[in-house]
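Worksheet: the structure to be examined is printed underneath.
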Amino acid sequence: MGKLLKVTLVGILLALVGERIVQFCHRANIFRKVDPVDLPNCQLLKGIEFGSEDIEILPNGLAFISSGLKYPGVISFQPDKPGEIFLLDLNDEKLQPVSLRFSRGFDYSTFNPHGMSIYIDPKDDTVYLFVVNHPHYKTTIELFKFEEEENVLLHLKTIKHDLLWSANDIVAVGPESFYATNDLYFTDFTMKHLEMFLGIAWSNVVYYSPGEVKQVSSGYHCANGIAMSTDNKYIYVADVMGHTITMMEKQADWSLSPVKVLQLDTLLDNLFVDPNTGDIWTGGHPNGWKLFSYNSDDLPGSEVIRVQNIHSDNPIVTQVYVNNGSVIQASSSAGVYEGKLLIGTVFHKALCCKLS
């Protein structure tokens, strides 16, 4: 009986492991194949070679681009160089990004930028830039004031909090307040990967203000991009490993009430809301395995998705651009302005295409 029990237990264990492997393969889209979708008049941006992870665009066409992210388990082509914030004028046909300077006193040597968000103060039109930073692979939120005339980011403060342990992206709702996603529950390198493999859904969304910090949403496999609707009433959260966008309604106390979940095929990363149409744009990973196990002979591809009418019963989901990595690898963000599509990546280049 003892031997039979051991064989039975081993069989059950193998079955459970096999089930987890199958589920992980599905979440990572390991076997997914996509056909190319091209756009006319695309050009790579000179000077951006080591990532363009997130993109934020001002109403006047100035785009902020975060570059140089070092993320555990993901390749970096220049791991010893600090990250940068580029500024790109989308009104200029030359499309020449400029690396922004930081004010004195900011520790640029450990700058490792991830997600970003813009807040324009309605009182005086001051532009604040919130940046998720990972100095020494920890998490801080850096708050800057953008001095446009001098092309300088004036550092105002560094925000740290125990509830912001693994922040990925951020959406500002005031001069010092925001919602942020924690992409994983664990901070240890090994436990992070075990969490992803097992599909533990302990990722969450946190609301931060100087007077209150609290969890407002949870249950994600890997909460990633976060954005706000044009009327400021709803928050959208991307779950990269769940392939979903969750729409939630903001409440008076800043809590979030679930409204609906939209299922997609790609591993969607950052979210961008078109201020004119309300459409949601995202840069996604067609095959997550290629992102985390980089192979120069089998490159991670890029996929840009547009979601129209997400509030309706029948949202329209469109593949706008798909590339196998031959042009641009590991897309993580997509933003639009005046008929131009700007595509960012986790660790590669940046691409700008005309939509018509």
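Because only heavy atoms are used, hydrogens play no part in the values below, and waters and symmetry mates are left out as well, while side chains stay in.
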>> Classify the ring geometry of Phe102 against Phe144: parallel below 30°, tilted from 30° to 60°, perpendicular beyond 60°.
In response: tilted
> Below 4.5 Å, heavy atoms only, C-beta onward: do His285 and Val346 meet side chain to side chain?
Replying inline: yes
>> Just so I know, are the side chains of Val304 and Leu341 near enough to count as touching, which here means a heavy-atom distance under 4.5 Å?
In response: yes
> Going by atom types only, do Asn287 and Asn29 share a side-chain donor-acceptor pair under 3.5 Å?
Replying inline: no
> Among Ile118, Leu271, Val273, Ile226, which residue meets the side-chain contact (heavy atoms from CB on, under 4.5 Å) test with Val171?
Replying inline: Ile226
>> Quiz question: by atom type and distance under 3.5 Å, do the side chains of Ser166 and Lys192 form a donor-acceptor pair?
In response: yes
> Would you say the side chain of Arg32 lies within less than 4.5 Å of the side chain of Glu303, judging by non-hydrogen atoms?
Replying inline: yes
>> Looking at Cys42 and Cys352, are the sulfur gammas closer than 2.5 Å to each other?
In response: no
>> Less than 3.5 Å apart, any donor N or O on the side chain of Asp183 or Tyr71 sitting next to an acceptor on the other?
In response: yes
>> Counting C-beta onward and ignoring hydrogens, is there a side-chain heavy-atom pair between Trp289 and Phe31 closer than 4.5 Å?
In response: no
> Which atom names give the shortest non-hydrogen contact between Leu45 and Leu342, and what distance separates them?
Replying inline: CD1-CD1, 3.7 Å
>> Under a 3.5 Å cutoff, is there a donor and acceptor pairing between the side chains of Glu84 and Ser99?
In response: yes
>> Please determine whether salt bridge (charged side-chain N to carboxylate O under 4.0 Å, His left out) holds for the pair Lys157 and Glu142, giving the CA-CA distance in whole Å, both sets of side-chain angles, and the decisive distance to 0.1 Å.
In response: CA-CA 6 Å; Lys157 66 188 298 185; Glu142 308 297 344; over 6 Å; no
> Centres of the Trp202 and Tyr185 rings: under 6.0 Å?
Replying inline: yes
> Below 4.5 Å, heavy atoms only, C-beta onward: do Asn224 and Thr181 meet side chain to side chain?
Replying inline: no
> Do the two ring centres, one from Phe197 and one from His193, sit under 6.0 Å apart?
Replying inline: no
> Which residues satisfy the ring-ring contact (aromatic ring centres under 6.0 Å, His included) test with Phe347, sequence neighbours excluded?
Replying inline: Phe77, Tyr294
>> Which heavy atom of Ser217 sits nearest to which heavy atom of Met248, and what is that distance?
In response: OG-SD, 3.3 Å
>> Run Met247 and Leu262 through side-chain contact (heavy atoms from CB on, under 4.5 Å) and show every step you take.
In response: CA-CA 8 Å; Met247 182 172 74; Leu262 178 65; over 6 Å; no
> Under the side chain to side chain donor-acceptor pair (under 3.5 Å) test, which residues partner Ser218, sequence neighbours left out?
Replying inline: none
> Are any of the side-chain heavy atoms of Tyr321 and Val327 separated by less than 4.5 Å?
Replying inline: yes
> Backbone N or O of Asp313 within a donor-acceptor pair of the Lys260 side chain at under 3.5 Å?
Replying inline: no
> How about Leu256 and Tyr234: do any of their side-chain heavy atoms sit closer than 4.5 Å?
Replying inline: no
>> For a quick test of reading the model, state the closest non-hydrogen atom pair linking Ser332 to Asp269 and the distance between them.
In response: O-CB, 3.2 Å
> Do Thr345 and Gln329 get their side chains close enough for a donor-acceptor pair, meaning under 3.5 Å?
Replying inline: no
> Is it true that Leu351 and Leu90 fall in one hydrophobic cluster, defined by side-chain heavy atoms closer than 4.5 Å?
Replying inline: yes
>> Testing the basics here: between Pro40 and Cys353, what is the closest heavy-atom pair and its distance to 0.1 Å?
In response: O-CB, 4.3 Å
> How is the hydrophobic cluster of Ile316 composed, in terms of its other members, when Ile, Leu, Val, Met, Phe, Trp and Tyr link through side-chain heavy atoms under 4.5 Å apart, directly or indirectly?
Replying inline: none
> Would you call the rings of Phe64 and Phe146 parallel, tilted or perpendicular, where under 30° means parallel and over 60° means perpendicular?
Replying inline: perpendicular
> Does a donor on one side chain sit under 3.5 Å from an acceptor on the other, for Asn112 and Tyr137?
Replying inline: no
> Any chance the side chains of Ser326 and Asn324 put a donor and an acceptor closer than 3.5 Å?
Replying inline: yes
>> Could you tell me if the side chain of Thr230 sits less than 4.5 Å from the side chain of Asp274, heavy atoms only?
In response: no
